[in-house]
Amino acid sequence: MNSMADLRAFPYPFGDSDVYRYSNNAIPLDPPNPIELTDSYFDEISLKRELLTKHPERCYHSAPHTLDAQWEVVDLIIDNLVTHYPDRFELEKKDDEWVFSNVQTNENITFTFGDSTSLKIEPLDFIGRHVQEDLLLMMQRDGNLFLDAGQLCFPANWSLYFDAGMSFKEIHSPIPGFKDQSLDDRILQFLMRIEAGSPWWRKNWSLLAGNRLDTSLETFADWGQARKRVTKENAGELVHLRVEVQKLFRLPKSNGILFTIHSHMLPLEKFVQHPPWLEKFYSILDELPDFIAGYKGISLYRKQVLEYLEEEMRKR
Ligand code: HEM
C-alpha cells in the first residue's frame with residue numbers, strides 16, 4: 001500500500017480539540033459492523049494463530065458459563081463477514097449444520113451451531129482466528145460487568161491472564177484519574193444500558209517505540225526497552241502511533257457485551273505527512289498531563305518525539 005493509502009485508511013484518533021483527557025468518548029456505530037479487514041489481514045491472522053498456539057494461557061481465557069454467549073459472537077461475526085466480504089467468506093446453512101468458508105485461507109469448517117463438541121476449539125477462539133480484532137466478552141450480572149472470556153493477541157501492555165474474571169472497574173483501576181468525578185462508574189452505567197442492535201465505538205491511542213502488535217505485559221522485557229533508544233533522529237521510523245478501534249455490541253440472548261479491539265499502527269514519519277495531523281498532535285503531546293503520559297508509557301521519550309515533530313513542522 002502506498003503512503004497516501006496508509007494515511008487514508010488510518011483511524012485518526014483525535015477530534016477537534018487540542019487537548020486530550022480521559023472521557024467517555026464512545027459514539028453510536030453506523031454501519032454496525034464489528035469487523036474490518038485491512039491489507040494486513042493475512043499477516044495478522046497468521047501472527048494471531050502462531051501466538052495462540054505458542055502461548056494459549058496468555059492469549060485465551062474463558063469461563064464455562066460463557067459458551068452460549070460465545071455462539072452469539074460466532075453468529076454476529078459470521079453474519080457480518082459474509083454480508084460485507086462475500087467474495088472472501090461464505091456460509092452454507094442447513095438448519096443448525098453450518099459450513100463456514102474462509103476463501104483466503106482456503107479453509108472450510110463444518111459444525112453444528114450451538115454444539116461446542118462439533119468444533120475442535122471453543123467458539124470464541126474459533127471465530128477470533130478469522131479476524132484481525134481481539135475479542136473480549138463481558139458478562140453482566142449483579143449490576144456489574146465481568147471479563148469472563150476473551151481472545152487477546154495484541155494487548156497494549158496488559159494481561160488477559162491477570163485480568164480474567166475482573167469487573168469493569170477492577171480492570172480500569174491501574175489508570176490514574178479514571179475514578180475522578182466517578183468517570184469509571186459513569187462509563188459502567190453507560191455500558192450496562194447498551195442495547196442489542198445499537199452498538200457503540202470509540203478510539204484509544206498511544207505511542208509505541210517499535211512496531212509490535214503483541215505488546216503483552218508478559219513480554220514487556222522484549223519490547224519495553226526500545227523506549228530508551230528513541231532519539232530525535234530515529235523517532236519518525238521507530239515510534240508508532242498505535243490506535244485501537246474499539247466496538248461494543250450487546251448480545252441479546254445471553255445479555256453479554258462483545259468488545260472488539262482492532263489495533264492499527266502507523267510510523268510517525270508517515271503520520272506527519274498530513275500537516276493538520278502533525279500540528280494537532282504536537283499540541284496534544286506537548287500539553288498532555290504527566291499522569292497520562294506516564295500511564296501510556298511515553299514519558300521516557302516524549303521530549304525526543306516533540307523535537308522530531310517540531311523539526312517536521314519547520315520543514316513544511
Ligand atoms: C467493556 C469493555 C472494556 C474492556 C474489557 C476494557 C479493558 C481495558 C484494559 C484492559 C485497559 C488497560 C488497563 C491496564 O493498564 O491494565 C483499558 C484501558 C482504558 N480503558 Fe478500557 N475497557 C473497556 C471499555 C472501555 C470503555 C467503554 C471506555 C471509555 C468509554 C474505556 C476507557 C479506557 C481508557 C481511557 C483506558 C486507558 C487507555 C490509555 O490511556 O491508553 N474502556 N481498558
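Remember, it's 1-based here, ligands and their atoms both numbered in the order they're listed.
Counting protein heavy atoms only, atom 41 (O) of ligand 1 is closest to K296 NZ, 3.0 Å. The shortest contact between atom 14 (C) of ligand 1 and any protein heavy atom is with Y295 OH, 3.2 Å. Taking atom 4 (C) of ligand 1 as the reference point, the nearest protein heavy-atom neighbour is F259 CE2, 3.5 Å. F178 CE1, 3.9 Å is the protein heavy atom nearest to atom 34 (C) of ligand 1. Protein heavy atom nearest atom 36 (C) of ligand 1, with residue, atom name and distance: I175 CD1, 3.3 Å.
Rounding to the nearest 0.5 angstrom, the gap separating the CG atom in D125 from the CG atom in L119 is 10.0 Å. With rounding to the nearest 0.5 Å, the separation of CG in L208 from CG in L268 is 10.5 Å.
Contact analysis leaves I257 out of contact with ligand 1, as no non-hydrogen atom separation drops below 4.0 angstrom. For F162, the heavy-atom gap to ligand 1 stays at 4.0 angstrom or more. Under a 4.0 Å heavy-atom criterion, P174 is in contact with ligand 1.
Atoms of ligand 1 lying under 4.0 Å from any heavy atom of M138, numbered from 1 in the order shown and given with element: 1 (C), 2 (C), 5 (C). The distance from ligand 1 to the heavy atoms of W205 drops below 4.0 Å at these ligand atoms: 41 (O). Close approach of ligand 1 to F168 is summarised as follows: ligand atoms under 4.0 Å from at least one heavy atom of the residue are 23 (C), 24 (C), 25 (C).
Checked options I35, L37, D43; the residue passing with Q132 is L37 (criterion: side-chain contact (heavy atoms from CB on, under 4.5 Å)). Of the candidates Y301, F271, Y308, V239 forms a side-chain contact (heavy atoms from CB on, under 4.5 Å) with just one, namely Y301.
At a heavy-atom cutoff of 4.0 Å, ligand 1 is contacted by the side chain of N204 but not by its backbone. Only side-chain heavy atoms of D163 come within less than 4.0 Å of ligand 1; its backbone N, CA, C and O stay farther off. Contact annotation: for N24 versus ligand 1, heavy atoms closer than 4.0 Å belong to both the backbone and the side chain. The residue F190 has no part lying near ligand 1, judged by heavy-atom distances below 4.0 Å. Looking at I171 against ligand 1, both its backbone and its side chain come within 4.0 Å, counting heavy atoms. By the criterion of a heavy-atom distance under 4.0 Å, the side chain of H172, and not its backbone, is placed next to ligand 1. Residue contacts with ligand 1 for L191 involve side-chain atoms from C-beta outward but no N, CA, C or O (heavy atoms, distance under 4.0 Å).
In this structure a side-chain-to-backbone donor-acceptor pair under 3.5 Å is present from R250 to M192. K48 places no side-chain N or O within 3.5 Å of a backbone atom of F154 that could act as its donor or acceptor partner.
Polar contact check, S206 against ligand 1: no nitrogen or oxygen pair lies under 3.5 Å apart. Polar contact check, N25 against ligand 1: no nitrogen or oxygen pair lies under 3.5 Å apart.
Between C153 and D134, the shortest heavy-atom distance links the atoms N-OD1, 2.7 Å.
Ion pairing between a basic and an acidic side chain is recognised when a charged N comes within 4.0 Å of a carboxylate O; K247 and E36 show such pairing. Taking the charged nitrogens against the carboxylate oxygens, D214 and K54 have no contact shorter than 4.0 Å, which rules out a salt bridge. Using a cut-off of 4.0 Å between Lys/Arg side-chain N and Asp/Glu carboxylate O, R141 and D148 are scored as salt-bridged. Taking the charged nitrogens against the carboxylate oxygens, E311 and K315 have no contact shorter than 4.0 Å, which rules out a salt bridge.
Among R202, R21, E244, the residue whose heavy atom lies nearest to atom 26 (C) of ligand 1 is R202. Taking each of F146, W158, Y22 in turn, the one with a heavy atom nearest to atom 10 (C) of ligand 1 proves to be W158.
Crowding of F190 atom CZ: a count of heavy atoms from other residues, nucleotides or ligands under 6.0 Å exceeding 12.
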Please lay out, stage by stage, how Y295 and Y22 fare under the test side-chain contact (heavy atoms from CB on, under 4.5 Å).
CA-CA 12 Å; Y295 172 74; Y22 292 137; 3.2 Å; yes
